[in-house]
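Take a look at the structure below.
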Amino acid sequence: MTERCHGDTRPPTGPRARTAIVLATAALLAATGAAFLPSTASAGTTLGASAAEKGRYFGTAVAASRLSDNAYTTILNREFNMVTAENEMKMNATEPQQGRFSYGAAEQIVNHARSRGMSVRGHTLAWHSQQPGWMESMSGSALRQAMLNHVTQVATHFRGQVVAWDVVNEAFADGGSGGRRDSNLQRTGNDWIEAAFRAADAADPNAKLCYNDYNTDNWTHAKTQGVYNMVRDFKARGVPIDCVGFQSHFNNNSPYVSNYRTTLSSFAALGVDVQITELDIQGAPANTYRSVVEDCMAVPRCNGITVWGIRDSDSWLASQTPLLFNSNGSKKAAYDAVLAALNNGSAVPTTAPPTSAPPTSVPPTSAPPTSVPPTTTPPPGGGCTATLQDSTRWGDRFNSQVTVSGASNWSVVVAVTPPQKVSATWNGSPSWDSSGNVMTMRSNGSGNVFGFTTMANGNWTRPQVLSCTAS
Ligand code: XIL
């Protein structure tokens with residue numbers, strides 16, 4: 001069984017011929033001797049921008065019903081570059097009647113996110129909770145079959161649109177046993193989890209496949225050790241698992257603990273990415289939020305953090321006021337602490353760019369490209385200039401920074417070369433043409449330097465500035 005390495009430059013051979021995605025190449029890069037960037041301060045002004053500058057993401061849970069709330073979407077679109085559907089991809093939402101799938105609300109969220117350059121985490125394919133009624137009353141091989149069909153159908157439907165799936169959610173018991181939670185799915189046989197992962201793998205070979213749970217933050221807890229042992233066993237036997245999600249709902253009963261970093265790094269050492277998937281902290285103490293972010297930033301394979309909602313009033317635990325924004329949408333002290341910790345944190349490891357690009361399958365039909373594309377465009381009468389600079393580069397992607405001069409309200413058009421794709425942006429409001437290759441970035445009050453991440457998809461051509469227009 002081959003290890004699931006992403007960003008591997010060898011031609012794909014196994015059933016999981018995955019393409020690299022924004023989420024994760026860190027362990028491979030570390031394994032290939034890549035250097036770690038020094039911990040340099042940067043100056044991102046939003047959560048998503050600051051995380052992206054460090055090769056990571058910052059996400060939130062989104063409820064489709066709130067997408068019509070302007071105050072909500074303003075914060076969503078400004079701050080986050082990853083989205084999880086809070087309820088809309090769960091089994092009861094996507095298969096309300098057996099064999100009849102319903103994707104409308106989930107697609108609303110996916111489309112909102114992807115049309116704005118945000119990525120999507122899928123949550124969740126198999127879970128004992130929020131099952132449709134027909135499934136709750138099923139058991140045995142009929143249930144096993146229905147669960148696998150659900151995983152296959154839903155993962156296939158969202159193939160190419162979801163960068164990571166919580167394939168199985170919350171399968172371990174609380175308390176001291178360290179064993180599995182009793183559920184109708186567990187009673188179909190202990191191998192139900194790996195069966196779900198194999199079905200998801202077959203349906204979407206390119207999505208990262210995660211196991212997700214809560215109360216797995218404290219390294220000394222039996223539940224944490226139980227999950228750890230399962231992941232170790234899966235890796236040893238070649239079960240296709242890529243990542244472990246830590247919900248990290250911290251409250252007085254299950255508080256943040258200082259060995260959290262040990263937990264994250266111990267799982268990462270098994271050869272999986274780790275992600276903080278549903279973060280909220282009772283009372284939102286700035287210091288605790290800071291510690292959580294610092295712990296993630298200290299672990300190269302901790303490639304992203306998702307908070308479970310935007311404003312306190314959006315939270316499933318609203319009375320705990322556990323989030324980064326007040327109910328009126330203003331930033332809380334915890335927000336400032338998180339932003340600072342992102343900006344002070346380390347970037348995920350970088351790697352040298354490939355020395356020779358692999359040949360493209362289609363030879364150029366027109367004139368060969370000029371050797372160095374111009375980085376500065378002359379002002380086309382609109383009165384501004386945009387200069388593109390290369391920034392951090394990883395095994396599968398790179399950042400670019402564009403500095404605008406001559407105007408404070410501007411609109412800059414940038415083109416990437418297919419199959420490149422822009423996967424994150426910061427300090428501007430992006431829109432795309434129908435090809436998805438031409439991005440128009442408009443100033444959004446965040447200053448005159450914007451940035452973006454390009455997934456190379458094998459092509460390392462530098463993006464080109466096509467125009468700068470003052471408005
Ligand atoms: C919660 C949602 O936030 C609520 O709106 C819903 O009523 C119940 O589920 N662990 C998970 C999430 O994996 O899916 C849960 O989300 C919170 C706990």
Side-chain angles (χ1 to χ4, degrees), residues 59-67 69 72 76 80 82-96 105-106 108-110 113 120-133 135-136 147 150-151 154-155 158 162 164-174 180-181 183 185-186 193 196-197 200 208-218 221 223-224 227 243-256 274-282 284 292 304-325 327:
T60 184
V62 166
S65 60
R66 296 185 197 273
L67 289 174
D69 174 344
Y72 180 85
L76 169 63
F80 299 97
M82 178 71 76
V83 157
T84 305
E86 186 172 359
N87 289 297
E88 294 79 351
M89 288 193 188
K90 293 173 181 174
M91 301 178 101
N92 56 359
T94 50
E95 196 178 355
Q108 246 184 291
I109 293 174
V110 170
V120 177
R121 288 191 89 260
H123 174 78
T124 173
L125 294 171
W127 189 19
H128 70 275
S129 182
Q130 291 186 264
Q131 291 182 359
M135 185 179 272
E136 282 174 336
M147 179 275 286
H150 180 88
V151 169
V154 177
F158 289 107
V162 163
W165 268 111
D166 291 332
V167 178
V168 170
N169 198 31
E170 302 184 349
F172 276 72
D174 292 310
R180 298 285 180 85
R181 166 196 300 278
S183 72
L185 291 169
Q186 180 62 29
I193 298 181
F197 273 83
K208 296 281 188 181
L209 305 181
C210 306
Y211 176 78
N212 193 52
D213 214 329
Y214 68 92
N215 277 352
T216 47
D217 315 292
N218 188 327
H221 278 180
K223 186 173 177 182
T224 309
V227 175
C243 37
V244 175
F246 297 82
Q247 292 185 11
S248 303
H249 296 290
F250 292 119
N251 55 51
N252 298 341
N253 296 324
S254 60
Y256 167 81
V274 292
Q275 299 166 356
I276 299 171
T277 52
E278 303 182 14
L279 180 63
D280 46 27
I281 311 180
Q282 182 167 16
V292 169
I305 300 174
T306 294
V307 286
W308 205 242
I310 298 178
R311 302 162 301 191
D312 284 333
S313 50
D314 302 319
S315 171
W316 71 311
L317 304 171
S319 66
Q320 293 188 9
T321 61
L323 295 175
L324 301 178
F325 293 87
S327 299

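One-based numbering, in listed order, for ligands and for the atoms of each. Reckoned from all heavy atoms, side chains included, excluding hydrogens, waters and symmetry mates.
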Ligand 1: protein N/O within less than 3.5 Å of ligand N/O:
{"residue": "ligand 1", "atom": "3 (O)", "partner": "E86", "partner atom": "OE2", "Å": "2.5"}
{"residue": "ligand 1", "atom": "3 (O)", "partner": "W308", "partner atom": "NE1", "Å": "2.9"}
{"residue": "ligand 1", "atom": "5 (O)", "partner": "E86", "partner atom": "OE2", "Å": "3.3"}
{"residue": "ligand 1", "atom": "5 (O)", "partner": "N87", "partner atom": "ND2", "Å": "2.9"}
{"residue": "ligand 1", "atom": "9 (O)", "partner": "K90", "partner atom": "NZ", "Å": "3.1"}
{"residue": "ligand 1", "atom": "9 (O)", "partner": "Q130", "partner atom": "OE1", "Å": "3.2"}
{"residue": "ligand 1", "atom": "10 (N)", "partner": "E170", "partner atom": "OE2", "Å": "3.1"}
{"residue": "ligand 1", "atom": "10 (N)", "partner": "Q247", "partner atom": "OE1", "Å": "3.1"}
{"residue": "ligand 1", "atom": "10 (N)", "partner": "E278", "partner atom": "OE1", "Å": "3.0"}
{"residue": "ligand 1", "atom": "13 (O)", "partner": "H123", "partner atom": "NE2", "Å": "3.2"}
{"residue": "ligand 1", "atom": "13 (O)", "partner": "N169", "partner atom": "ND2", "Å": "2.9"}
{"residue": "ligand 1", "atom": "13 (O)", "partner": "Q247", "partner atom": "NE2", "Å": "3.2"}
{"residue": "ligand 1", "atom": "13 (O)", "partner": "E278", "partner atom": "OE1", "Å": "3.3"}
{"residue": "ligand 1", "atom": "13 (O)", "partner": "E278", "partner atom": "OE2", "Å": "2.8"}
{"residue": "ligand 1", "atom": "14 (O)", "partner": "K90", "partner atom": "NZ", "Å": "2.7"}
{"residue": "ligand 1", "atom": "14 (O)", "partner": "H123", "partner atom": "NE2", "Å": "2.7"}
{"residue": "ligand 1", "atom": "16 (O)", "partner": "K90", "partner atom": "NZ", "Å": "3.3"}
{"residue": "ligand 1", "atom": "16 (O)", "partner": "W308", "partner atom": "NE1", "Å": "3.3"}

Non-neighbouring partners of F246 that pass ring pair (Phe, Tyr, Trp, His ring centres under 6.0 Å), sequence neighbours left out:
F267
I'd like to know if the side chain of K208 reaches the main chain of R121, judged simply by a donor and an acceptor atom lying under 3.5 Å from each other, with no hydrogens or angles considered.
no
Which residues satisfy the side-chain hydrogen bond (donor to acceptor under 3.5 Å, both in side chains) test with E170, sequence neighbours excluded?
W127, Q247
Output yes when a side-chain donor or acceptor of Q282 lies under 3.5 Å from a complementary backbone atom of N252, and no otherwise.
yes
Going by ring pair (Phe, Tyr, Trp, His ring centres under 6.0 Å), name the residues that satisfy it together with Y72, two or more places apart in sequence or in a different chain.
none
Evaluate the criterion side-chain hydrogen bond (donor to acceptor under 3.5 Å, both in side chains) for residue pair S327 and D312; output intermediate values, then yes/no.
CA-CA 5 Å; S327 299; D312 284 333; 5.1 Å; no
